[in-house]
Amino acid sequence: MNQAASKAGAVRLDAVAFGYGEVLFRFDTAFPAGAITAVMGPSGSGKSTLLNLVAGFETPQSGRVLIDGVDMTATPPAERPVSMVFQENNLFSHLSVEKNVGLGRSPSLKLGPADRQAVWAALERTGLAGKERRLPRELSGGERQRVALARALVREQPVLLLDEPFASLGPALRHDMLDLVADLQAERGMTTLFVTHHPEDARRLAGHVVFLEDGRIAAAGTADDFFAGTGPEAFRRYIGLDGDRSRDVARKPT
Ligand code: ADP
Ligand code: MG
């Protein structure tokens with residue numbers, strides 16, 4: 001953990017137990033600081049729940065959530081050093097692009113010069129300059145996800161949680177967005193947890209992978225190991241059923 005300790009944003013789930021009624025989750029893992037980890041696993045395996053526990057939208061029944069060694073288990077979401085982008089972008093439909101992004105800076109939209117500067121920089125960086133006065137409905141799906149990403153960026157937090165943020169976009173647009181995330185992460189070094197169904201997206205973006213099954217981490221390791229064809233068996237089985245291209249990714253040499 002020497003490397004993790006030297007960078008901001010080390011996330012650790014320490015013997016976290018949680019449940020929705022009968023559906024139980026148990027997470028005991030650490031995510032490397034300043035790196036991108038892909039979070040994969042079948043639908044319902046607990047990917048969103050894991051992110052919600054880190055963000056503070058859910059609270060463990062036991063165990064601790066630590067960020068940079070600080071116990072955040074009882075800290076409300078707004079006070080955690082975390083930003084999250086959801087699959088549905090959660091924009092306010094009656095607010096302009098600029099204001100939606102400004103909310104990342106100040107929930108009451110009381111923005112000083114430095115805040116406005118940060119908002120403009122994020123709009124520029126996400127390719128939204130010139131669209132700042134539009135309403136969400138006047139944007140494409142890809143542009144709306146850019147707004148959500150810009151809103152996360154202006155918070156300038158060391159941990160970025162991306163819960164299938166580009167799942168509704170077509171492949172070309174999705175790849176553009178992945179490149180943008182990769183560039184932003186390289187510039188700012190956020191600890192990034194990226195939930196995706198697409199093995200090729202994980203390969204493109206992430207240095208590390210965690211694979212969830214039934215509310216627990218069934219395997220964790222480097223992306224190179226996961227995609228080497230000799231990766232964890234449960235993961236191979238999962239992506240083997242996930243479409244033609246991904247089958248090739250994991251084919252074991254015969
Ligand atoms: P994933 O993101 O991997 O698809 P989730 O973390 O959303 O999975 O959900 C894991 C399990 O928890 C699923 O069985 C789901 O039905 C259940 N679940 C998720 N959110 C809730 C909730 N708010 N109330 C009750 N059960 C939930
Ligand atoms: Mg989910």
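Computed from a prediction, not measured in an experiment: that's the story for all the values here.
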**Study point:** Interatomic spacing from CD1 in Ile217 to CG in Leu13 - rounded to 0.5 Å
**Key:** 7.0 Å

Check your understanding: Is it true that Phe211 and Phe226 have ring centroids separated by less than 6.0 Å?
Key -> no

Check your understanding: Side chain of Glu98, backbone of Trp120: donor and acceptor closer than 3.5 Å?
Key -> no

Review point. Linking I/L/V/M/F/W/Y whenever any side-chain heavy atoms sit under 4.5 Å apart, do Phe18 and Ile67 land together?
Key: yes

Revision key, fill the gap. What one should report as the nearest heavy-atom pair of Ala33 and Gly9 is CB-C, 4.0 Å

Practice item. Give a yes-or-no answer on whether the side chains of Tyr20 and Glu58 include a donor-acceptor pair shorter than 3.5 Å. Key: yes

Review point. Do Asp68 side-chain atoms and Val70 backbone N/O form a donor-acceptor pair below 3.5 Å?
Key: no

**Study point:** Donor + acceptor pair across side chains of Thr75, Arg80 (<3.5 Å)
**Key:** no

Point to revise | Contact check, side chains of Thr49 and Leu53, non-hydrogen atoms, under 4.5 Å | key: yes

Check your understanding: Is Ile36 close to His208 at the side-chain level, that is, under 4.5 Å between some pair of heavy atoms?
Key -> no

Check your understanding: Any donor-acceptor pair under 3.5 Å linking the side chain of Asn52 with the backbone of Ser48?
Key -> yes

**Study point:** Cation-aromatic face contact Arg174/Phe166, 6.0 Å, 45 degrees
**Key:** no

Practice item. Look up atom OG1 in Thr196 and atom CG in Leu205, then write down how far apart they are to the nearest 0.5 Å. Key: 9.0 Å

**Study point:** Heavy-atom pair of closest approach, residues Lys47 and Pro42
**Key:** NZ-O, 3.0 Å

Review point. Is there side-chain contact between Met40 and Tyr238, with heavy atoms separated by less than 4.5 Å?
Key: yes

Point to revise | Single-linkage hydrophobic cluster, 4.5 Å side-chain cutoff, Leu153 and Phe194 together | key: yes

Revision key, fill the gap. All heavy atoms of Pro81 vs all of Gln157, minimum pair found to be CA-OE1, 3.1 Å

Check your understanding: Is there a side-chain contact (heavy atoms from CB on, under 4.5 Å) between Gln87 and Asp163 once you walk through the steps?
Key -> CA-CA 6 Å; Gln87 183 167 351; Asp163 193 356; 5.8 Å; no

Practice item. Using the rule that two of Ile, Leu, Val, Met, Phe, Trp, Tyr join whenever any of their side-chain heavy atoms come within less than 4.5 Å, decide whether Leu51 and Val23 are in one cluster. Key: yes

Practice item. Could you grab the distance from atom OG1 of Thr126 to atom CD of Glu124, nearest 0.5 Å is fine? Key: 9.0 Å

Point to revise | Shared hydrophobic cluster for Met84 and Leu162 (ILVMFWY, side-chain gaps under 4.5 Å) | key: no

Check your understanding: Would you call His197 and Glu164 a side-chain contact if the rule is heavy atoms closer than 4.5 Å?
Key -> yes

Point to revise | Heavy-atom pair of closest approach, residues Ala206 and Ala223 | key: O-CB, 3.2 Å

Revision key, fill the gap. Only residue of Asp176, Asp201, Leu149, Val85 satisfying side chain to side chain contact (heavy atoms under 4.5 Å, CB included) with Val181 is Leu149

Revision key, fill the gap. d(Ser96 OG, Arg133 CZ) to nearest 0.5 Å is 8.0 Å

Revision key, fill the gap. For Ser106 and Leu111, the nearest pair of non-hydrogen atoms, with its separation, is CB-CD2, 3.8 Å

Exercise for review: Identify the heavy atoms of Ala118 and Glu156 that sit nearest to each other, and give their distance.
Suggested key: CB-OE2, 4.4 Å

Practice item. Rounded to the nearest 0.5 Å, what's the gap from CZ on Arg216 to CG on Leu50? Could you check? Key: 13.5 Å

Point to revise | same_hphob_cluster(Val16, Val39) at 4.5 Å side-chain heavy-atom cutoff | key: yes

Review point. Do Pro165 and Gln145 touch side chain to side chain, with heavy atoms closer than 4.5 Å?
Key: yes

Practice item. Evaluate the side-chain proximity of Arg64 to Met72: yes if any heavy-atom separation is below 4.5 Å, no if none is. Key: no

Review point. Are side-chain N/O atoms of Asp224 and Thr222 paired as donor and acceptor at under 3.5 Å?
Key: no

Review point. Should Leu66 and Asp14 be marked as a side-chain contact (heavy atoms from CB on, under 4.5 Å) after you check the CA-CA gap, both sets of side-chain angles, and the distance that decides it?
Key: CA-CA 7 Å; Leu66 302 158; Asp14 175 24; 4.3 Å; yes

Point to revise | Leu123/Val101 under side-chain contact (heavy atoms from CB on, under 4.5 Å): CA gap, chis, key distance, verdict | key: CA-CA 8 Å; Leu123 289 170; Val101 175; 3.9 Å; yes

Review point. Does Ser45 reach the main-chain N or O of Asp214 with its side chain, forming a donor-acceptor pair under 3.5 Å?
Key: no

Exercise for review: Walk me through it: do Leu103 and Leu95 pass the test side-chain contact (heavy atoms from CB on, under 4.5 Å)?
Suggested key: CA-CA 10 Å; Leu103 285 172; Leu95 293 180; 3.8 Å; yes

Check your understanding: Short question: side chain of Asp115, backbone of Gly112 - any donor-acceptor pair under 3.5 Å?
Key -> yes

Review point. Is there a donor-acceptor pair closer than 3.5 Å between any side-chain N or O of Arg146 and the backbone N or O of Leu128?
Key: no

Review point. Would you call the rings of Phe227 and Phe235 parallel, tilted or perpendicular if under 30° counts as parallel and over 60° as perpendicular?
Key: perpendicular

Review point. Within the distance-only criterion (no hydrogens, no angle test), does the side chain of Asp28 pair as donor or acceptor with the backbone N or O of Ala15 below 3.5 angstrom?
Key: yes

Exercise for review: Starting from the C-alpha separation in whole Å, work towards a yes-or-no answer on salt bridge (charged side-chain N to carboxylate O under 4.0 Å, His left out) for Glu187 and Arg125.
Suggested key: CA-CA 11 Å; Glu187 286 164 23; Arg125 192 66 192 78; 2.6 Å; yes

Review point. So, do Phe92 and Pro136 sit near enough that their side-chain heavy atoms are less than 4.5 Å apart?
Key: no

Practice item. For the pair Arg155 (side chain) and Ser83 (backbone), establish whether a donor and an acceptor sit closer than 3.5 Å, ignoring hydrogens and angles. Key: no

Check your understanding: What is the distance from atom CG of Leu178 to atom CG of Leu169, rounded to the nearest 0.5 Å?
Key -> 9.5 Å

**Study point:** Under the side-chain hydrogen bond (donor to acceptor under 3.5 Å, both in side chains) test, residues paired with Thr59 that sit two or more places apart
**Key:** none

Exercise for review: Find out whether Lys131 and Glu143 are in side-chain contact, i.e. whether some heavy atom of one side chain is under 4.5 Å from a heavy atom of the other.
Suggested key: yes

Review point. Do Arg204 side-chain atoms and Ala182 backbone N/O form a donor-acceptor pair below 3.5 Å?
Key: no

